[in-house]
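Here the structure is laid out as structure tokens; the discussion comes afterwards.
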Amino acid sequence: MRVPEKNANASQDGTTSGAEFPPATRDRWRELVAGVLRRSGLDPDTSPGAPEDLLATTTYDGVVLRPLYTEEDGLDSGYPGLAPFTRGRRPQGAVTDGWDVRQAHADPDPGVTRRAILADLENGVSSLWLVTGEGGVAVDDIGEVLTDVLLGVAPVTLDAGADYVTAADALLAAHADDGVPATAVTGNLGIDPITVAARSGEPADLDTAARFAVEKAADHPSLLLVTVDATPYHEAGGSEAQELGAAMASGVAYLRALTGAGMDLAEAAARLEFRFAATADQFLTIAKLRAARAMWNRVTEVCGLAPAQRTMRQHVVTSAAMMTRRDPYVNVLRTTLACFSAGVAGADAITVRPFDSALGLPDPLARRIARNTQSLLVEEAHLARVTDPAGGSFYVERLTADLYARGWAFFQELEGAGGMVRALADGVLAERIEEVWRQRRANLAHRRDPLTGVSEFPDLAEPVLERRPAPARPTGPGALPQRRYAEDYETLRARSDAHLARTGERPRVFLATLGPLAAHTARAGFAANLFAAGGIEPVRAGVVDGADELAARFRDSGTTVACLCSSDAVYAEQAAAAARALREAGATRVLLAGRPEGTADVDGHVFTGCDALGLLEELCDHLGVAR
């Protein structure tokens, strides 16, 4: 049967198949959503902004994420390759050649690093990020680890910390030995005394660094000199706007230092590369990177640069803060989302952390998966075939504008405090980041920010991966902390592992399941998941016949803590008697899975939104799990 190419949905009277449906309006959407909310137990009539208020969430920067965006929220962000560069630095984006696949190397064993570099370059990596000094490869080994690299083809970005002078000289000497003319040297010397100060607590000496950069710039016109690294502020627990504001303040500080050392402003701006973190929150990452380019455009516009001189080079690395040591294979999902977000946002270079990077130095499998993640997204998912695919999305455009506004406000706050160097030295930046971290830590503790494989769906039987320890960067008083979101839960899991090794069993909680299977399954599953997040093994009673059988099974469980699990209806009939029977059987703590309203006299409650971390820490102490 042949289907007409045009008006295939038209009826005999000329109307279309959708003509009988009411128009799609915001009021109609509200009406339909309100009906769904009522069926789920929420009352939209109690909120003046319903149903939007009931479905909205708020970021750590105070940006309200609404459930619906329309053309009323749309903003004109220009065109790719044109100011304000929200939509990308180049008109073609990554369509012609993809983005720069840049992988990090920090193994102090020169033989291991040399082989890892060669494997990366032979399998899709296009540039190298070489961490040297106390946190990575010895400066004296730079030439050796780059022996197999065609330095005229594969650029190298240094991350040398305070040793940037000797590391830069060693890298440039390796280029000379490889026959690369000074005028053809690319890559980045990675000079970044502000990040050294942030990570070590030592004062930042920008003037000395700027003079050295100007000296090297004279003979190396194609070489980037300075990295403006915003990841320390993300890794300390800061928000997206704080990362943006700190990046702008650092960039301005470097422009002042370089021009003060005699470099032309336009050249100084062209010799910078910005580094940002990408998380598994894809829309926040996309909006943050787009906002960063627009913010830098405004900074350099005020400085007097022409539009073509106001672009930002972005190196994006998947977040170290989001990586977990427990169930580390889930990190593959996190880094894939983060890499996807960076690619969609128009990053110039992307680094994917290996899934085991939180455990120590990555093994070859983890490195292979990390680089293949990028290759698959570029070559098979064709992510680079569209320039700024997020452009025009009402949600992304609104979120980009909101992050711009809040990032700019934080940038102004840092400038008002005397600039980035002064804000670091006086603790102003650390104090503001700490405010966000307290909120974030509370959300992690209450599992409002879930961590798959750690605070949600943990596996107590998973094998623990072992890796060689990664070299630690120097730190000291006044340094910004380096945090991971999973640390508090992983500390409890480590305590549980030590308890298992010492006693032969994990700490346990007895799940006192009441009533039929259908009545207690949901809450028993919820409670088991929560207790396992702290390394506490749940022991299920199963279906029991009365309080006496429940008490008998509790005595056989090998624990002194019980948690009642069932429906509200069963609680009303059986919870009080069950709690008494458990206490008579030796229970020193009786909890109940459910909210406290109208339930039996118990010692605590386990429910969605409770302080899970605090409860787990208390239970571990109660069960004799050593700290």
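Only a predicted model underlies this, so the values are computations on that prediction, with no experimental measurement involved. The figures here come from the full heavy-atom set of this structure, side chains too, leaving out hydrogens, waters and symmetry mates.
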Partner set under side-chain hydrogen bond (donor to acceptor under 3.5 Å, both in side chains) for Glu434, not counting sequence neighbours: Arg483

Sequence-distant partners of Asp488, side chain to side chain contact (heavy atoms under 4.5 Å, CB included), two or more places apart: Arg441, Leu613

Listed once per pair and sorted, the side chain to side chain donor-acceptor pair (under 3.5 Å) pairs that draw on residues 255-266, sequence neighbours left out: Arg256-Glu415

Residues that Asp497 engages under salt bridge (charged side-chain N to carboxylate O under 4.0 Å, His left out), provided they are two or more places apart: Arg326, Arg506

Residues in salt bridge (charged side-chain N to carboxylate O under 4.0 Å, His left out) contact with Asp363, at least two apart in sequence or another chain: Arg467

Face-on cation placement of Arg313 at Phe274 ring, 6.0 Å and 45° thresholds: no

Quick one: side chains of residues 280-292, donor-acceptor pairs under 3.5 Å with protein atoms, not counting sequence neighbours, listed by atom name and distance.
from	atom 1	to	atom 2	distance (Å)
Asp281	OD1	Leu284	N	3.4
Thr285	OG1	Thr279	N	3.2
Thr285	OG1	Thr279	O	3.4
Thr285	OG1	Thr279	OG1	3.4
Thr285	OG1	Asp281	O	3.1
Lys288	NZ	Glu243	OE1	2.7
Lys288	NZ	Glu243	OE2	3.4
Lys288	NZ	Ala277	O	2.6
Arg290	NE	Asp388	OD1	3.4
Arg290	NH1	Glu397	OE1	3.2
Arg290	NH1	Thr400	OG1	3.0
Arg290	NH2	Asp388	OD2	3.2
Arg290	NH2	Glu397	OE2	3.3

Set of salt bridge (charged side-chain N to carboxylate O under 4.0 Å, His left out) partners for Glu435, sequence neighbours left out: Arg432

ring-ring contact (aromatic ring centres under 6.0 Å, His included) partners of residues 333-355, not counting sequence neighbours, each pair once: Tyr329-Phe355

Side chain to side chain contact (heavy atoms under 4.5 Å, CB included) involving Asp177 - partner list, sequence neighbours excluded: none

Backbone of Arg102 reached by a side-chain donor or acceptor of Thr351 within 3.5 Å: yes

Partner residues of Arg114 under the side chain to side chain contact (heavy atoms under 4.5 Å, CB included) criterion, sequence neighbours left out: Thr147, Asp148

Expected output: side-chain Asp178 to main-chain Leu151 donor-acceptor under 3.5 Å: yes

Any residue meeting side chain to side chain contact (heavy atoms under 4.5 Å, CB included) with Ser375, in chain and number order, not counting sequence neighbours: none

Listed partners of Asp107 passing salt bridge (charged side-chain N to carboxylate O under 4.0 Å, His left out), at least two apart: Arg468

